[in-house]
Amino acid sequence: MASVLKVRESKASERTIVVAGLPVGFVNDQLLTTLLKIHFQDTENKGGVVEDVMYPTRTKGVAYVTFKEKEVAENVVRKKHCLAEKVGPAQLTVSHFGEKVFSSVHAVLDLSVFRSQVRLENVVMDLKREISTLGFSPLGANGRISVQGSFLAIKKLKELLLLKVSSLLEKNRSGQSPRGSMQRSSHSLKSLGSSIPETLRSGESLVLDTDVFLYLKNKSGFYESTLKKFHVQCQERVDGDITTVCIKNVQDRSQPNKAKQVKELIEKYSHALSFELRKETFILEGKEHREKRNIKLACEQVSSRCLQVLVNFYETHIDVIGSSSDIYLFKKEVMKLTRQKVR
C-alpha cells in the first residue's frame, strides 16, 4: 500500500504546476478558482483536462493546478499566461511544482547573536560577497536586516549562518581566538555557549536547522541507528530555529574518536535532507474553535496515512514537514477534509 501511495504522490507532483501572480481582492476565491480551471483547460493556452485546482493557499496570489496528463503540465509552463480582463491585469508566472517556483522570498535576519564576537557590518559584507544575488536592506541598530531573493538563495543564506554559528561554538569550545573580523570578547558567545551541556564540553558539537533536526530524529531512523552503531552519547537543545547537538564518546579515551565521525555523518545527512524537505504551515491563530478543531483532526487523520510526513502541533499553528510530493498530497487531503466539515 505504501509503495502504491508513493507512486501516486510522485505522479501528482509531476502533473502539478504552481501559478503565481494571481490578483488578490478583485474577485472571490471560488470565481478565481473557476477562471483558473477554464483558462488551463483551454487548448489555446496549451492546456488540457484539469484534475484539481488548489486555491487559496498559504502564499497569497499562488495556486496549485494539477492536470490529468503530465505532458500537459510540461507544455503549459512553456507558454506565457494572462487571465481574463474581468479580474484586472494579471500576468501569471507558471512553474513546475517544487522549491524552485518561488522567484522571490523576503526574510528578516536577527544578527545580534553575533554582536559579542564580530562586527555585524563585517558579517553583512561576508554574506553579500558569498551570495551576490540577494538584496540587503541597511543594517538596523538592533542587529536586524531585511533580505530578499530566490528561495534557493535564502536557503543558502540560512546554511551559511548555521555554519558561522557552528564555527563560533567550536572555536569557543576549543579556546581558539576567532580569525579575521571576529574580535575576542569577555562574553565570548555567552548565549550560544550555554547551549552546550557542561558534561559534554569535551565532545563534538554541531548546529542544525530545527525542522531538519526534528525530521532527522523522528522520521529518518538514521539518527538513532547511528548513535547506537558508534556507541556515543548525545544531548540536544532546541532554541527556536536552531538546535544544538552535542556528542561524546561513551567508551574510554583509548578508543578512537567516534564522536567526530558521528558529527560528520549527521552533518552530511542533514545537509542532504535540507534540500529534500519542504514545510507547510496551517495557521490556527485567529480562527474559531470549531475550525481549529477540524484542522487538527484532519491533520491527525491524514498523518496516520502519510507516515513519511512529520506533523508538529503548536497552539498557534501546525507545521507539516516532508518531501514536496508528500506535502502536496498531505495539504490536499487536509483541505478536502476541513472543507467538508466546515460545510
Interatomic spacing from [atom1] in [X] to [atom2] in [Y] - rounded to 0.5 Å:
X: D52; Y: Y64; atom1: CG; atom2: OH; result: 12.5 Å
X: K287; Y: N294; atom1: NZ; atom2: CG; result: 11.0 Å
X: Q233; Y: C246; atom1: CD; atom2: SG; result: 10.0 Å
X: E74; Y: E69; atom1: CD; atom2: CD; result: 11.0 Å
X: C299; Y: F330; atom1: SG; atom2: CZ; result: 4.5 Å
X: F282; Y: K296; atom1: CZ; atom2: NZ; result: 14.0 Å

When clusters are formed by joining ILVMFWY residues with side-chain heavy atoms under 4.5 Å apart, either directly or through shared neighbours, do [X] and [Y] land in the same one?
X: V320; Y: F313; answer: yes
X: V238; Y: I266; answer: no
X: M125; Y: F136; answer: no

Where does the angle between the aromatic ring planes of F40 and H81 fall among parallel (under 30°), tilted (30 to 60°) and perpendicular (over 60°)?
-> tilted
Minimum heavy-atom distance [X]-[Y], with the two atoms named:
X: I145; Y: P138; answer: CG1-O, 4.1 Å
X: Y55; Y: P23; answer: OH-O, 4.5 Å
X: R15; Y: E51; answer: NH1-OE1, 3.1 Å
X: T338; Y: I295; answer: CG2-CA, 3.8 Å
X: A259; Y: N249; answer: N-OD1, 2.9 Å
X: S95; Y: V77; answer: C-CG1, 3.8 Å

Report yes or no: does [X] contribute a side-chain atom to a donor-acceptor pair with the main-chain N or O of [Y] at less than 3.5 Å?
X: Y215; Y: V309; result: no
X: K263; Y: S205; result: yes
X: N45; Y: H39; result: yes
X: K219; Y: L307; result: yes

More than 12 foreign heavy atoms under 6.0 Å from NZ of K79: is that the case here?
-> yes
Would you say [X] and [Y] make side-chain contact, with heavy atoms under 4.5 Å?
X: V212; Y: S270; value: yes
X: K268; Y: L265; value: no
X: K292; Y: H289; value: no
X: V245; Y: C234; value: yes
X: L161; Y: L111; value: yes
X: F230; Y: I247; value: no

Determine, stepwise, if the pair V62 / L22 fulfils side-chain contact (heavy atoms from CB on, under 4.5 Å).
-> CA-CA 6 Å; V62 172; L22 294 171; over 6 Å; no
Among V65, I38, V72, the one residue meeting side-chain contact (heavy atoms from CB on, under 4.5 Å) with V50 = V65
Just one of L214, T281, V311, L310 clears the side-chain contact (heavy atoms from CB on, under 4.5 Å) bar with D319, so which one?
-> T281
Go through the steps to decide whether I327 and L277 satisfy the test side-chain contact (heavy atoms from CB on, under 4.5 Å), and finish with yes or no.
-> CA-CA 9 Å; I327 294 301; L277 297 179; over 6 Å; no
May I have the step-by-step check of salt bridge (charged side-chain N to carboxylate O under 4.0 Å, His left out) for R290 and E288, ending in yes or no?
-> CA-CA 6 Å; R290 182 186 176 190; E288 295 181 358; over 6 Å; no
In sequence, state the C-alpha distance, the side-chain angles, and the governing distance for M54 and K332, and then conclude on side-chain contact (heavy atoms from CB on, under 4.5 Å).
-> CA-CA 7 Å; M54 187 183 292; K332 182 178 178 180; 3.4 Å; yes
Measure from the ring center of Y269 to the ring center of Y223 and say whether it is less than 6.0 Å.
-> no
What's the verdict on side-chain contact (heavy atoms from CB on, under 4.5 Å) for V19 and V53, showing C-alpha distance, side-chain angles and the deciding distance?
-> CA-CA 10 Å; V19 184; V53 177; over 6 Å; no
